[in-house]
Amino acid sequence: MNEVEGLKGNSKVRGVNLGGWLVIEGWIKPSLFDGISNGDMLDGTEVQFKSVTLQKYVSAENGGGSDVSVSRDIPSTWETFRLWRVSETEFQLRSTEGQFWTCDGQGSSVSATTDAPASSGSTFFIEKLNNSSRVHIKLQSGIYLQALTESQLTADYQGIPGWDDNAATFVMTIVSNNLHGDFQLANGYGHAKAKEVLEEHRNSFITISDFYFLSTHGINTVRIPVGWWIAFDPDPPAPFIGGSLAALDNAFSWAQTYNIKCIVDLHAAPGSQNGMEHSSSRDGSVDWPTSQDNIDKTLDVIDFLASRYAKHPALLGIELLNEPSAAGVSLDILVSYYQKGYQTVRKYSPTAYVIVCQRIGNADPLELYQANIGFTNVVVDLHYYNLFDTFFVNMSSAQNVDYVYKSREAQLQQLNNASGPLLFIGEWVNEWNVTRGSEQDYQSFGKVQLDVYNAASFGWAYWTLKNDRKHWDFEWNIRNKYLEFTCWCTNPMTGSTTVNGVAFPTAKMSIVEQMGFSLF
């Protein structure tokens, strides 16, 4: 059995992620967004506009870089625009290729040619008719846009339009509004209200009682996602809200109290490394690797975290970046960052584990084993979900179980045998695409994952401790016996292996039976 330095005895990581706490993911706790006015038009919402008179869609030709027309019969990517929310009714609109709508004023046409919102002319009011998809779009000066011809969208409507079929009225379709992260929450509420919402959430979602629960149910490690803005606490750049650093400090104290170790996981980097809400992307773009300033700022965040927690007895490791996108982040850029991040951590600790996450998408985990990232205590983090891929959509419960036993186990053996880093299954879940899985089906799926992932040389961490979706909720799974795994336990007073105070030469016990013993 591999020994992970810092854990008791010959143990490996048996962990749980504290997802949705210091980095917001709206799907974990949707009620966080309930109080936002016009909440279906947050940052990153994708919209399309159709002229009611021309019956054509507004389009940025070639995805941006030229004038905006009103010329398409069928909408596609060129006709889809991402919102940057300025206020409840004011927005900037970004084309597929990243250029923003701009209009110089009355009588001018709208173009999509600037890579950043202009100081004037790039913010538009969107007025909505109650309980209707009809909208008007106007400049901050009050002039309404209209579509008189297919070739251009112009700011020259005379007066205030009604909601009948006129050139200034459009049908707006919300194509998607899937981003519900820290940016959307803070910018949606505004600073004062967002601070109130997040303070309550951070103080109540995870507490010391959760660490007690974990310690009495066989968990020896927590993986804690954080955002880059934590390094700028208590006053991070807008729109982010301070306070996450104090919460992380609390987590380390609670962990120390209950002999739990902490992995600090940089889940959200400046500019976003994967375009998702859990990396706090504003609009789905992957801008982290496009700017050396973003990368340098990320290394500064790692420096901050390492310097603050390197000597803390609860620290086990620092994860340099969560789930970089294979489509958006090249291997060369990522490996260079990982190598510098490793060196940064080593300035403060010779032994803390430096964890590097595999790229998500089309990427081979072996690429990180061949990268020579560092010399000691390097760990590769691999995330296993029987979800998020059409490959799993029609699998039966038995096929899901079989896939884990055959494909996942074979890959784990291959990676465990590879020279260099240890292997960490840093995220997995007892959920799948099976629509009518029974309790026994879920128990079988959980068991096979535990059986296989236990072989990972560094260990594993479940995603996540708490979740509105019960099968993602570790605590719910344990209390309802959907997840049961065995662990070796020792009586902390005598050092003997025990079950409920009875000493045995060796003993295994169900995690849901374990009370009053420490995991080794």
Side-chain angles (χ1 to χ4, degrees), residues 41 43-51 54-86 90-126 135 137-141 143-157 167-168 170-179 183 270-275 281-294 325 327-330 333:
M41 295 181 69
D43 287 277
T45 298
E46 294 184 333
V47 297
Q48 297 167 344
F49 302 102
K50 184 178 184 179
S51 166
L54 297 179
Q55 289 295 297
K56 301 283 186 178
Y57 285 90
V58 176
S59 176
E61 295 296 321
N62 299 311
S66 60
D67 285 344
V68 172
S69 66
V70 192
S71 58
R72 300 288 171 167
D73 293 317
I74 299 173
S76 187
T77 55
W78 293 0
E79 293 71 51
T80 303
F81 303 96
R82 291 168 285 171
L83 299 181
W84 280 27
R85 181 169 167 138
V86 177
E90 296 173 281
F91 303 89
Q92 294 155 347
L93 294 104
R94 195 180 192 189
S95 67
T96 305
E97 295 299 314
Q99 291 82 21
F100 288 85
W101 282 25
T102 303
C103 183
D104 292 334
Q106 185 171 5
S108 299
S109 61
V110 177
S111 63
T113 56
T114 62
D115 292 331
S119 56
S120 63
S122 286
T123 300
F124 300 83
F125 287 92
I126 298 179
V135 300
I137 308 169
K138 69 178 180 180
L139 307 182
Q140 288 183 301
S141 63
I143 303 299
Y144 287 86
L145 305 185
Q146 65 173 341
L148 288 175
T149 67
E150 294 184 11
S151 62
Q152 58 185 348
L153 184 64
T154 54
D156 55 1
Y157 188 87
F170 302 84
V171 171
M172 182 180 72
T173 301
I174 295 178
V175 179
S176 72
N177 56 352
N178 296 326
L179 293 176
F183 204 106
S272 175
Q273 71 276 15
N274 55 35
S281 176
R282 181 169 191 175
D283 68 0
S285 299
V286 181
D287 292 330
W288 177 75
T290 65
S291 163
Q292 186 61 44
D293 182 64
N294 283 340
S325 164
V329 181
S330 72
I333 288 176

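Atom CG in Leu54 sits 8.0 Å away from atom CZ in Phe170 (nearest 0.5 Å). Summarising the geometry, atom CG belonging to Leu139 is positioned 10.0 Å from atom CG belonging to Asp104; distances are rounded to the nearest 0.5 Å. Between the CG atom of Asp156 and the OG atom of Ser109 there is a distance of 9.5 Å, given to the nearest 0.5 Å. Distance check, rounded to the nearest 0.5 Å: CZ of Arg82 to CG of Asn177 gives 15.0 Å. Note that CE of Met172 is 15.0 Å distant from NZ of Lys50, once rounded to the nearest 0.5 Å. Taking OG of Ser108 as the reference point, atom CD of Gln152 lies at 10.0 Å (rounded to 0.5 Å).
The shortest heavy-atom contact between Gly328 and Pro289 is O-CG, 3.1 Å. Residues Val68 and Val58 share a closest heavy-atom pair of CG1-CG1, 3.3 Å. The heavy-atom pair separating Ser66 from Thr113 by the smallest distance is N-CG2, 3.6 Å. Here the closest heavy-atom approach between residue Glu61 and residue Trp78 is recorded as OE1-CZ3, 3.8 Å. Among all heavy-atom pairs drawn from Leu145 and Leu153, the shortest one is CD1-CD2, 3.9 Å. Here the closest heavy-atom approach between residue Phe100 and residue Arg94 is recorded as CZ-CD, 3.6 Å.
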- Report the C-alpha separation of Glu46 and Ile174 in whole Å, then their side-chain angles, then the decisive distance to 0.1 Å, and conclude whether the side-chain contact (heavy atoms from CB on, under 4.5 Å) test is met. CA-CA 6 Å; Glu46 294 184 333; Ile174 295 178; over 6 Å; no
- Item | Criterion side chain to side chain donor-acceptor pair (under 3.5 Å) on Gln92 and Thr123, from CA distance to verdict | CA-CA 5 Å; Gln92 294 155 347; Thr123 300; 3.2 Å; yes
- Task: Any chance you could lay out the side-chain contact (heavy atoms from CB on, under 4.5 Å) test for Trp288 and Ser272, step after step, and finish with the verdict?
- Result: CA-CA 5 Å; Trp288 177 75; Ser272 175; 5.8 Å; no
- Query: Does the side-chain contact (heavy atoms from CB on, under 4.5 Å) test come out yes or no for Leu179 and Thr45, once each step is laid out?
  - Reply: CA-CA 7 Å; Leu179 293 176; Thr45 298; over 6 Å; no
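Within 6.0 Å of the CG atom in Asn62, the count of heavy atoms belonging to other residues, nucleotides or ligands exceeds 12.
Salt bridge status for Glu79 with Lys56: absent, with no side-chain N to carboxylate O gap under 4.0 Å.
Inter-residue side-chain proximity for Ile126 and Phe49 is flagged as met; some heavy-atom pair is nearer than 4.5 Å.
Partner of Phe81 under the side-chain contact (heavy atoms from CB on, under 4.5 Å) criterion, out of Leu93, Asp283, Thr96, Val175: Leu93 alone.
Using a 30° and 60° split on the angle between ring planes, Tyr144 and Tyr157 fall in the perpendicular class, above 60°.
Counting only N and O atoms by type, the side chains of Ser111 and Thr102 include no donor and acceptor under 3.5 Å apart.
Between the side chain of Ser122 and the main chain of Trp101, a donor-acceptor pair closer than 3.5 Å is present.
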